[in-house]
Amino acid sequence: MNKNKTIPVFFACDENFVKFTAVTINSLIANASKEFSYDIHILCTKISEDKKQKVINLAPENFKVYFDDVTNYLKSISYRLPIRDYYSKTTYYRLFISEMFPELDKALYLDSDMIVLGDISELYNHDIGENYVGACNEQAMVQTDVYGTYVEKCIGLDRNKYFNAGMLLINCAQFRKQKILDQFIRLLHEYSFVVTQDEDYLNFICKDKVFWIENSWNVETYGEIKYSETTAKIIHYLMVGKPWHFKDVPFAEIFWNYAKQTPFCEEINSVLENYTDEQRKNDYESVDRLAKLAESETNRPDNFLKRRMILEQKLKEEKAQEKTSAIPKSQDRLRILAKIAEYEKQGRFAEDVEDDPPSRQIQPGEVDYQQKKISSKIKSYFAFNAARKFLNKMLKTKQIIIKGIEGKENIELLNGGTIITCNHFNPLDSFAIQYVYDEIKKQKKHGKFFRIIKEGNYTSFPGFYGKLMRSCNTLPLSSNYKTMNEFLLAVKNLLSAGNYILIYPEQSLWWNYRKPKPLRKGAYTLAVKNNAAVLPVFITMQDSDIVDSDGFFVQEYTIHICKPIFPNPEISRNENIEFMMNENYSAWKKVYEDTYKIPLRYE
């Protein structure tokens, strides 16, 4: 026996439930490695000496059983607890372990409605690192939508990252360091979770700090059970799956085999025999009530997540106010915003609010649209490298912030050359679309990325940006008829070769304008003419906590890739142009309304 390694295992129960704790302990003892010693701690208040002795007598030589009365500890913290019946809240006791036993760095907690079939030392010896707990998925949240939705919309957690707290490998050192008990008590004052109570609090506090243990270590008798009696390592009898209330439940025989080996078997059997059909009916009804309660909490206008969001927004605004008050807003930017508001009222959506650089006419043969020349390819290569370095620098310094990309799965629907459309709100927003192309490249493995730009941006844009405009696979429009023919031929050949072309169908650039503007037909005319798909991309924004040199918040971008739109062979060319344009606008409008939670309206 490894005398240097003692494994602490904790339970919490009262006088009525200690008989079930005894069955769990008996199963644990039967299957535990004899290479270790074990300290079994039962957190309780009042349990009769007779029952205590019966449990203690179950322990072999390498086990010690302790009944730890939490009465004095509860009194010491009672003034901090907002609940009056804390003595009966045995489920909360697991939160006291790290504070009551400061000598422990790690401890295992088990509910008393379990049968342990695996070697408990194997479970305890998981290295959970700096995580707060090791745990298994809560199957109710994974398998039942009403609970999964509750977790996501009331607590703000992924339903697949919510754990059942009946088996917890607790990092006591981290619990003390992170003051988990203090966090729990603060949350008790802030909000009363009524669906799974302390489990909700624990999951919220431990978000992103969970070491996920294989679910065989907490096989719940709920929904679809994916483990058999030979593969399950811990069976967890839940709700209407308890064999001392119901006869025909999964793994009932296993429970009774271990119960028969304890001095409590007759008492437990009496519970089953005296449990009435009316009580069983009420148990089933309580399951329905719990589901309705979860739905009600989800729909509460002041549920926990909504309160948190309001509080976080308020704190963010206060913090933002402090920052913006330190940097005066640029008068030029304020004039641009005023002009945008005026143009919106007047319906002048296709007009730019900022002056373009002075332009000249691009002459035929001036632009190597299809990069047939070696010199064009070399310039493009170096320009792309420079652009990538520039983008990386902008991201590192948070002058551009890409929060995420939604809808990557829609890329898989593409089957050839594609027109990419995007809302236009910043001279640098095409860098964000570079991320879309990177995702396309990962999935499709072919095709280059081209950008359609204005004539003046190609001929007259100054400095570094001007070099990029002229060399980074740009396709400038032209006021010269013959040059436009070269442009249209290039678009045709590039699309037929399976490339991707970005075009801004709104035509105008309005700085940080969040709404989708009415669209122009150009992009869809090119798509229909070349039988190409349109991939609508809409970028939404939210203020970061960083203020730029103009006194405005740097925007955090979320890139939304919508489903591609394909020409309809059943309708005419003009009908197709209208169809694709309207579908694009509808897709953008939906993203806007879903993201900002407001209907799209123009002033």
Taking C-beta and beyond as the side chain, do [X] and [Y] meet within less than 4.5 Å on heavy atoms?
X: Phe96; Y: Phe184; value: no
X: Thr196; Y: Glu138; value: no
X: Phe251; Y: Val249; value: no
X: Met167; Y: Leu108; value: yes

Identify each donor-acceptor pair in which a side-chain atom of residues 401-409 lies under 3.5 Å from a protein atom, sequence neighbours left out, and give them as a table.
unit_1 : atom_1 : unit_2 : atom_2 : d
Lys403 : NZ     : Gln542 : OE1    : 2.9

Are there over 12 heavy-atom neighbours, none belonging to [X], within less than 6.0 Å of that residue's [atom1]?
X: Gln399; atom1: CD; answer: yes
X: Asp288; atom1: CG; answer: yes
X: Glu295; atom1: CD; answer: no
X: Lys51; atom1: NZ; answer: yes
X: Lys179; atom1: NZ; answer: no
X: Lys590; atom1: NZ; answer: no
X: Met394; atom1: CE; answer: yes

Salt bridge flag under 4.0 Å for residues Lys5 and Glu35: no
Could you pull out every donor-acceptor pair under 3.5 Å between side chains of residues 239-248 and any protein atom, sequence neighbours left out?
unit_1 : atom_1 : unit_2 : atom_2 : d
Lys242 : NZ     : Asp113 : OD2    : 3.0
Lys242 : NZ     : Tyr237 : O      : 3.0

Could you measure the distance from the CD1 atom of Ile234 to the OG atom of Ser27? Nearest 0.5 Å is fine. 8.5 Å
Would you compute the distance between atom CZ of Phe425 and atom CD of Gln555 and round it to the nearest 0.5 angstrom? 8.5 Å
Option passing side chain to side chain contact (heavy atoms under 4.5 Å, CB included) with Ile25 (candidates Val55, Thr262, Val9, Val18): Val55
Return each pair, listed once, that meets ring pair (Phe, Tyr, Trp, His ring centres under 6.0 Å) where at least one residue sits in residues 101-120; pairs must be two or more places apart or across chains. Phe10-Phe101, His41-Phe101
Which pair of non-hydrogen atoms, one from Asp119 and one from Ser33, has the smallest distance, and what is that distance? OD1-N, 2.9 Å
Closest approach of Ser112 to Thr24 (non-hydrogen atoms, all atoms of both residues): O-OG1, 3.1 Å
For [X], salt bridge (charged side-chain N to carboxylate O under 4.0 Å, His left out) partners two or more places apart:
X: Glu593; result: Lys589
X: Lys563; result: none
X: Arg300; result: Glu297, Asp302

Residues two or more places apart in sequence or in another chain: which of them pass side chain to side chain contact (heavy atoms under 4.5 Å, CB included) with Cys172? Ile97, Ser98, Leu104, Ala107, Ile170, Arg176
Looking at residues at least two apart in the chain, or sitting in another chain, which of them share a side chain to side chain contact (heavy atoms under 4.5 Å, CB included) with Ser216? Glu214, Tyr227, Lys233
Is it the case that Ser37 and Thr6 place a side-chain donor and acceptor less than 3.5 Å from each other? yes
Taking ring pair (Phe, Tyr, Trp, His ring centres under 6.0 Å) as the test, write out the residues that go with [X], two or more places apart.
X: Phe431; result: Phe390
X: Phe304; result: Tyr191, Phe193, Phe204
X: Tyr592; result: Tyr596

Taking the inter-plane angle between the rings of Tyr38 and Phe36 on a 0 to 90° scale, is it parallel (under 30°), tilted (30 to 60°) or perpendicular (over 60°)? perpendicular
Please tabulate, one pair per line, all N/O donor-acceptor pairs under 3.5 Å involving side-chain atoms of residues 146-153, not counting sequence neighbours.
unit_1 : atom_1 : unit_2 : atom_2 : d
Tyr147 : OH     : Ala291 : N      : 3.3
Thr149 : OG1    : Asp145 : O      : 2.8
Thr149 : OG1    : Asp145 : OD2    : 3.4
Thr149 : OG1    : Arg159 : NH2    : 3.4
Tyr150 : OH     : Asp200 : OD2    : 2.5
Glu152 : OE1    : Arg159 : NH2    : 3.1
Glu152 : OE2    : Arg159 : N      : 3.3
Glu152 : OE2    : Arg159 : NE     : 3.0

